[in-house]
Every structure is written in structure tokens, then in C-alpha cells.
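Heads up, the thing below is written out as C-alpha cells.
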2 protein chains.
Amino acid sequence: MEHKSQNCQYKLMAVRDTLEVIRGKWRIPILISLTYGNKRFGEIQRDITDISPKMLSQELKELEANKIITRTLYDSMPVTVEYALTPLGHSLNKLLNELLEWGIHFRNEVIGK
Amino acid sequence: MEHKSQNCQYKLMAVRDTLEVIRGKWRIPILISLTYGNKRFGEIQRDITDISPKMLSQELKELEANKIITRTLYDSMPVTVEYALTPLGHSLNKLLNELLEWGIHFRNEVIGK
DNA sequence: GTAACTACTTACCGATAGGTAACTACTATA
DNA sequence: TATAGTAGTTACCTATCGGTAAGTAGTTAC
């Protein structure tokens with residue numbers, strides 16, 4: 001069973017990379033919001049009503065650092081900033097969808113019962 | 001765009017349920033380990049070499065409380081305990097696979113570059 | 001009797017995550 | 001001059017997460 005255990009080790013490494021990028025309470029919700037199109041700071045805040053500006057700002061920076069989103073400043077008046085998914089960010093789409101689908105399934109199976 | 005924003009709110013609710021169940025550093029790795037078959041406490045520890053018995057015990061309890069795994073005690077000598085995925089646990093398979101696939105993708109795109 | 005294997009538990013501690021409230025800086029409008 | 005809208009920042013605090021080290025309890029082998 002040598003290769004079976006090595007395969008497990010490999011998987012454990014890969015999921016850790018993913019978890020590192022998406023961890024915490026807010027990053028996934030932010031990404032969900034951005035799948036509906038490019039958004040400004042205030043628009044994301046209005047989607048995720050219970051996020052504080054501190055957490056939103058902090059998590060947007062982390063997502064930008066990991067090349068998941070881009071931040072574009074427009075010097076309109078007043079200044080607006082637009083956040084958008086990168087191609088790497090869009091590549092999370094299937095994962096986001098599974099998080100969604102399983103949440104629905106879980107609610108039907110456990111919470112609903 | 002009324003239904004578009006309502007759809008977003010619905011998704012945000014569902015992913016929160018999922019995140020609640022799988023959150024933290026260890027639950028996903030534990031589930032990955034159990035996809036290779038039913039395992040004893042010590043076997044999971046040997047898969048996930050850097051988990052402490054405290055965290056393993058704690059997270060196994062949480063997963064059991066959420067009906068994701070079962071705990072079966074055999075009064076062999078010495079006592080052995082077997083952990084196994086429930087059908088609900090197995091229903092996480094696609095999600096686990098996406099976490100894995102994206103981790104590989106991310107490594108190729110960002111870390112590997 | 002002592003070491004080793006099973007599966008944990010407990011106490012303690014430091015690091016990180018996240019919440020609250022107030023404040024900043026710039027521009028436009030009344 | 002005051003208010004509102006843009007997008008944040010800062011200080012402070014608490015709660016949760018996770019790590020370390022040691023101890024528990026029962027059985028078996030030496």
C-alpha cells in the first residue's frame with residue numbers, strides 16, 4: 001500500500017494550499033459576491049451586510065496578494081475602487097459551487113430534519 | 001435586479017453552513033484521510049503527522065456531532081476505535097475533490113511560477 | 001514490575017481571528 | 001459651514017484556535 005499512502009500525503013499537501021487561500025469567515029463570501037460581477041467596496045459591504053469595513057479591507061488585501069482578485073482605482077469624483085476576479089479567481093468557480101451545493105444538501109439532510 | 005441580489009443572499013447563507021462544518025485547519029485533512037477507508041485514531045495520526053492528539057480528538061467529536069463521521073468502539077484487546085464516513089460524509093466527496101484539484105492548480109499557477 | 005500499545009484528556013499558554021467604535025481624507029452638494 | 005458619499009484606517013478588546021507537555025486508564029508482553 002506504499003503508493004496509496006503517498007497518494008494520501010500528496011492530497012493532504014494540496015488541500016492545505018487551498019485552505020490557506022480561502023480560510024476564514026469572509027473570503028468565500030467575498031468571492032461569491034464578486035461572481036455576480038465587478039464590485040466596489042461599498043457594494044460588497046451591502047451584499048455581506050454583517051462584515052465590518054476593517055475585515056473587508058483586510059480580506060480584500062489578502063485575496064489581492066494571492067492573485068485571486070484585482071483592485072482598480074478610478075479617479076472619478078468621488079474616488080471609486082473596483083474589485084474583480086482574476087482568471088485564477090474565476091478558477092475557483094467549481095469549488096464555490098460545491099460549497100454552495102453541499103450547504104443546500106446539508107440543510108436538507110440535517111438542519112431541515 | 002431584485003432576484004439577482006436575492007440569489008446572492010441565498011448563496012451566502014448556504015456557503016456559511018458549509019464553512020461552519022468544515023472550518024479550521026484539521027477537519028478537511030481528517031476527512032481526506034477517511035476517504036481512504038475506515039481508520040483508527042492512531043492511523044489518522046500517522047496520516048496527518050503534525051496533528052496533536054488533542055486536536056484530533058476535538059475535531060473528530062465535532063465531525064461526529066455534525067453526522068459526518070461515526071465512531072465505533074470495539075472491545076478487542078487493546079481497545080480499538082474505528083472512525084468512518086457516514087453517507088453525509090461521503091457526500092462531501094466532490095467538495096474534497098475540488099479542494100484538491102484547485103490546490104494543484106494553484107501550485108502550478110502561482111507557487112510553481 | 002516495568003515498558004509498550006491502545007485512545008485519549010487535561011491544564012496551560014501564545015497566536016490569530018474577528019468585533020466595535022471612532023477617526024481620516026477627499027469631493028460634492030445644500 | 002455642514003452634511004453626505006467615496007473608501008478605507010486605527011486602536012482596543014475578546015474569543016477562538018491551535019500548540020505543548022504531561023497525565024489517565026486498561027491490557028499485554030517481557
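Proteins come first, then strands; the chains are lettered A, B, ... in the order of their sequence lines, and each starts at number 1.
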Rounded to whole angstroms, how far apart are [atom1] on [X] and [atom2] on [N]?
| X | N | atom1 | atom2 | answer |
| --- | --- | --- | --- | --- |
| B:L19 | C:dG18 | CG | P | 11 Å |
| B:I22 | D:dC17 | CD1 | P | 14 Å |
| A:K39 | D:dA7 | NZ | C1' | 17 Å |
| A:F41 | C:dT24 | CZ | P | 18 Å |
| A:L60 | D:dG8 | CG | P | 7 Å |
| A:E43 | D:dG8 | CD | C1' | 16 Å |
| A:E62 | C:dT16 | CD | P | 12 Å |
| A:Q58 | D:dC12 | CD | P | 17 Å |

Side chain to side chain, B:R71 and B:L60, heavy atoms closer than 4.5 Å:
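No, their side chains stay 4.5 Å or more apart.
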
Tell me whether the side-chain N/O atoms of [X] come closer than 4.0 Å to OP1 or OP2 in [N].
| X | N | result |
| --- | --- | --- |
| B:R27 | D:dG18 | no |
| A:R23 | C:dA17 | yes |
| A:K54 | C:dA21 | no |
| B:K25 | C:dA15 | no |

Salt-bridged, B:K94 to A:E98, with N to O below 4.0 Å?
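Salt bridge present between B:K94 and A:E98.
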
Should A:I22 and B:V110 be regarded as members of a common hydrophobic cluster, given that ILVMFWY residues are connected when their side-chain heavy atoms come within less than 4.5 Å of each other, either directly or indirectly?
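Yes; B:V110 is reachable from A:I22 via cluster members.
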
Of all the choices, C:dG19, D:dG8, D:dT9, which nucleotide is nearest to the side chain of A:W26 once you look at every atom?
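Taking heavy atoms from C-beta onward, the closest nucleotide is C:dG19.
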
Nucleotide of D:dG8, D:dG26, C:dA7 approaching A:R71 most closely (side-chain heavy atoms):
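When the side chain of A:R71 is considered, D:dG8 is the closest of D:dG8, D:dG26, C:dA7.
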
Remember a base hit wins even if backbone is also touched, and classify A:Y74 as base, sugar-phosphate or nothing at under 4.0 Å, heavy atoms.
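Nothing, no nucleic acid heavy atom in range.
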
By the 4.0 Å heavy-atom rule, please label A:T80 as base, sugar-phosphate, or nothing.
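Result for A:T80 = sugar-phosphate.
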
Using Watson-Crick or G-U wobble geometry with both distances under 3.5 Å, which nucleotide pairs with D:dA29?
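The base-pairing partner of D:dA29, which may sit in any strand shown, is C:dT2.
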
For A:V79 and for A:S57, locate the closest nucleotide of DNA chain D by heavy-atom distance; then report the residue assigned to the nucleotide nearer the 5' terminus.
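Nearer the 5' end of the strand: A:V79.
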
So which one's nearest nucleotide on DNA chain C is more toward 5', A:D50 or B:V81?
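Looking at DNA chain C, the more 5' nearest nucleotide goes with B:V81.
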
What is the minimum heavy-atom distance between A:Y83 and A:L34, and which atoms define it?
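Taking A:Y83 first and A:L34 second, the nearest heavy atoms are O-CD2, 3.6 Å.
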
Have A:D47 and A:Y36 got a donor and an acceptor in their side chains that come within less than 3.5 Å?
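Checked: A:D47/A:Y36 side chains show no N/O donor-acceptor pair below 3.5 Å.
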
